[in-house]
Amino acid sequence: MADITSDPEAQLSITTRQIVLAQRPQGFPDDETWSQVETEVPSPGPGEFVVRTDHISLDPAMRGWLNDVRSYVPPVQLGEVMRAQATGVVTASENADFPVGTAVIGGFGVTEHALSDGSGVSRIDLGLAPAPTWLGALGMPGMTAYFGLLDVGRLREGDTVLVSGAAGAVGSVVGQLAKAKGARVIGIAGGADKCAWLREIGFDEAIDYREEKVLRRLRELAPDGIDVYFDNVGGDILDAALANLRRGARVVLCGAISGYNAESLPPGPKRYMSLLVFRASMTGFVVFDYQDRYPEAVAAIGELITSGRLVARETVLPGGVAGFPEALLGLFRGVNTGKLVLAVEESA
Ligand SMILES: NC(=O)c1ccc[n+]([C@@H]2O[C@H](COP(=O)([O-])OP(=O)(O)OC[C@H]3O[C@@H](n4cnc5c(N)ncnc54)[C@H](OP(=O)(O)O)[C@@H]3O)[C@@H](O)[C@H]2O)c1
């Protein structure tokens, strides 16, 4: 293959900082969990290219990938670079599909530079939306909202939809999509500011679970019950939702962040008999199973963003890869409104 390298940076050897898994955490990840290493990035061979990352995705699922258990993906191994989606720009290339200067997204990990052969890498259109949005509403969280609500939740016009984690990456898209499809939407989030933002972007009602009794508020706001409950958090909020279903309700099991750092198994749902009483279903799903249909969701969400009917918001934290351990904990403290993203500073 012809040498299509043109960036002078490509001629120099590149050192990259990376975060690797040092020790599996019990409970919340801490300083012992991670180590920062510096390593040389090899020059690209035939079919390969080097990416300089600019934004790294922070995802609740990362906590699960640290556990040595059987799951929908293998755990991150000790000594391995932490798995993460990231956006970036191609800086050296021996791959004609990804020439120097191409903006891309892929599973590059928590690193400043990565060598790639193009597997699992896509181009992103920065004219449509900035890089952080490609990790949020136009990325995996947006896909999760779209297929979880429409396929798993089988949303119908006129439904009453309840979504927890509503001010987060997935939840904020779920609520806005549901509104765009003619549903009545109630969001649950932590704090007055988040609830005010939910109303601003079109949610009909918002419940602050830190200040209000969720079950009581739900009975006031949806006396006839909920048709779709999109669950991002599990725990007591799931129980409150189960206690307030409508006949034929669909409970979408997307995630259960309230238990991700628990050191022993959290108690199971107490109200699961509601599924029987209300002839309801509860279905888990993994967004990766919809990969073939991502273009459909990107087109639909992209259209809603450009027509001003869907607000894509991100909370971008500074700190570079060194800030990753602290930034990840931010998800469990709820520091984010919209998608939580880490900005990568250029290496010295
Ligand atoms: N099934 C799939 O394929 C799939 C794909 C992507 C994501 N997910 C799941 O979807 C959920 C949302 O993910 P995301 O990326 O959009 O994250 P996110 O909602 O943007 O961020 C996490 C949010 O969770 C809330 N939270 C943290 N601890 C909580 C607790 N103890 N109780 C209640 N809420 C808590 C916080 O908001 P507050 O301030 O409101 O508490 C925080 O901002 C997660 O459970 C994730 O695992 C599933």
Side-chain angles (χ1 to χ4, degrees), residues 27-28 56-67 71-73 83-85 132-133 135-149 151-153 162-177 186-198 203 206-212 214 229-241 251-262 266-267 282-291 293-294 297 312-317 327-342:
F28 286 89
I56 294 175
S57 180
L58 296 155
D59 292 281
M62 287 172 158
R63 178 62 191 83
W65 301 338
L66 306 182
N67 297 333
S71 188
Y72 60 93
V73 286
R83 179 185 299 147
Q85 285 284 112
T133 305
L135 296 170
L138 289 172
M140 187 275 289
M143 307 298 100
T144 305
Y146 184 91
F147 295 108
L149 181 68
D151 277 58
V152 185
L162 176 69
V163 54
S164 55
V170 174
S172 59
V173 177
V174 167
Q176 295 182 86
L177 269 179
I186 304 170
I188 304 176
D193 289 351
K194 289 190 181 187
C195 288
W197 181 64
L198 292 180
F203 282 58
I207 301 174
D208 176 356
Y209 74 92
R210 297 215 176 107
E211 291 296 326
E212 300 179 275
V214 175
Y229 172 48
F230 195 107
D231 189 20
N232 285 316
V233 305
D236 293 343
I237 292 176
L238 169 61
D239 270 322
V251 177
V252 180
L253 173 46
C254 177
I257 192 170
S258 68
Y260 287 1
N261 292 288
M282 181 161 170
T283 310
F285 76 106
V286 174
V287 67
F288 304 138
D289 296 342
Y290 294 87
Q291 236 152 11
R293 289 176 56 202
Y294 283 4
R313 180 165 171 177
E314 301 88 27
T315 298
V316 181
L317 299 180
L328 179 63
L329 293 174
L331 282 173
F332 306 107
R333 298 189 191 119
V335 301
N336 57 308
T337 301
K339 169 70 189 166
L340 190 63
V341 169
L342 180 64

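Remember, it's 1-based here, ligands and their atoms both numbered in the order they're listed. Just so we're clear, the structure is a prediction, and the values are computed from it rather than from any experiment.
Distances from ligand 1 to the non-hydrogen atoms of Ala167 include no value under 4.0 Å. Every heavy atom of Gly191 sits 4.0 Å or more from the atoms of ligand 1. For the ligand labelled ligand 1, residue Tyr209 lies inside the 4.0 Å heavy-atom shell. For Arg333, the closest heavy-atom approach to ligand 1 does not fall below 4.0 Å. Heavy-atom distances between Lys339 and ligand 1 stay at or above 4.0 Å for every pair. Within the 4.0 Å heavy-atom cutoff, Gly338 counts among the residues contacting ligand 1.
Comparing heavy-atom distances from atom 18 (P) of ligand 1 across Asn336, Asp289, Val252, Val286 singles out Asn336 as nearest. Closest heavy-atom approach to atom 35 (C) of ligand 1 among the candidates Asn261, Val335, Ile257: Ile257. Nearest-residue assignment for atom 40 (O) of ligand 1 (options Gly136, Gly284, Gly190, Ser172; heavy-atom criterion): Gly190.
Set against the non-hydrogen atoms of Pro60, the atoms of ligand 1 under 4.0 Å away are 13 (O), 14 (P), 15 (O), 17 (O), 44 (C), 46 (C), 47 (O). Taking every heavy atom of Ser258 and a limit of under 4.0 angstrom, the matching atoms of ligand 1 come to 30 (C), 31 (N), 32 (N). Residue-ligand proximity, Cys254 to ligand 1, at heavy-atom distances under 4.0 Å covers atoms 1 (N), 2 (C), 4 (C), 8 (N), 9 (C), 10 (O), 48 (C). For ligand 1, the atoms sitting less than 4.0 Å from at least one non-hydrogen atom of Val233 are 33 (C), 34 (N), numbered in the order shown with element in parentheses. Atoms of ligand 1 found under 4.0 Å from any heavy atom of Ala256, numbered from 1 in the order shown, are 45 (O). Close approach to Arg210 involves these atoms of ligand 1, each under 4.0 Å from a residue heavy atom: 39 (O), 41 (O). Heavy-atom contacts of Phe285 reach the following atoms of ligand 1: 1 (N), 2 (C), 3 (O) (cutoff under 4.0 Å). Taking every heavy atom of Ala189 and a limit of under 4.0 angstrom, the matching atoms of ligand 1 come to 40 (O).
Comment: Arg293 engages Asp151 in a salt bridge, judged by a side-chain N to carboxylate O separation of less than 4.0 angstrom. Remark: Arg83 does not engage Asp59 in a salt bridge, criterion side-chain N to carboxylate O under 4.0 Å.
For the pair Val335/Leu340, a side-chain contact is recorded, criterion being any heavy-atom separation below 4.5 Å from C-beta on.
Listed for the Lys194 side chain is a donor-acceptor partner under 3.5 Å among the backbone atoms of Asn336. Side-chain atoms of Thr315 come within 3.5 Å of backbone atoms of Thr337 as a donor-acceptor pair (strictly under, hydrogens ignored). Remark: the backbone N or O of Ala169 is not paired with any side-chain donor or acceptor of Arg313 at under 3.5 angstrom. No donor-acceptor pair closer than 3.5 Å links the side chain of Asp231 to the backbone N or O of Leu238.
A donor and an acceptor atom, one from each side chain of Thr133 and Lys339, are nowhere located under 3.5 Å apart.
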side-chain hydrogen bond (donor to acceptor under 3.5 Å, both in side chains) evaluation trace for Tyr229 with Ser164
CA-CA 8 Å; Tyr229 172 48; Ser164 55; 2.8 Å; yes
Side chain to side chain contact (heavy atoms under 4.5 Å, CB included) for Val163 and Asn232? Distances and angles first, verdict last.
CA-CA 7 Å; Val163 54; Asn232 285 316; 3.9 Å; yes
Checking Phe203 against Ile186 for the side chain to side chain contact (heavy atoms under 4.5 Å, CB included) test, could you report, in this order, the C-alpha distance in whole Å, the side-chain angles of both residues, the deciding distance, and whether it holds?
CA-CA 6 Å; Phe203 282 58; Ile186 304 170; over 6 Å; no
Stepwise side chain to side chain contact (heavy atoms under 4.5 Å, CB included) check, Leu162 with Phe230:
CA-CA 6 Å; Leu162 176 69; Phe230 195 107; over 6 Å; no
Would you check, one step at a time, whether the test side chain to side chain contact (heavy atoms under 4.5 Å, CB included) holds for Phe28 with Tyr260?
CA-CA 9 Å; Phe28 286 89; Tyr260 287 1; over 6 Å; no
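Across Arg63 and Asn67, no two heavy atoms sit closer than the pair NH1-OD1, 2.9 Å.
Scanning the protein heavy atoms around atom 19 (O) of ligand 1, the nearest turns out to be Gly168 CA, 3.3 Å. At the top of the distance list for atom 5 (C) of ligand 1, counting protein heavy atoms only, stands Thr144 OG1, 3.2 Å. Nearest protein neighbour of atom 47 (O) of ligand 1, counting heavy atoms only, is Tyr260 OH, 2.7 Å. With hydrogens left out, the protein atom closest to atom 36 (C) of ligand 1 is Gly334 CA, 3.7 Å, a heavy atom. Scanning all protein heavy atoms for the shortest distance to atom 7 (C) of ligand 1 gives Val170 CG2, 3.9 Å. Among all protein heavy atoms, the one lying closest to atom 3 (O) of ligand 1 is Val287 N, 2.8 Å. Looking only at protein heavy atoms, the nearest one to atom 39 (O) of ligand 1 is Lys194 NZ, 2.6 Å. Residue, atom and distance of the protein heavy atom nearest to atom 11 (C) of ligand 1 are Asn232 OD1, 3.3 Å.
Sorted by first and then second residue, the pairs that involve residues 138-149 and meet side-chain hydrogen bond (donor to acceptor under 3.5 Å, both in side chains), not counting sequence neighbours, are Tyr146-Glu296.
Judged as a ring-ring contact (aromatic ring centres under 6.0 Å, His included), and not counting sequence neighbours, the contacts of Phe147 are Tyr290.
With a 4.0 Å cut-off on non-hydrogen atoms, Leu331 touches ligand 1 through its backbone as well as its side chain. Heavy atoms from both the backbone and the side chain of Ala169 come within less than 4.0 Å of ligand 1.
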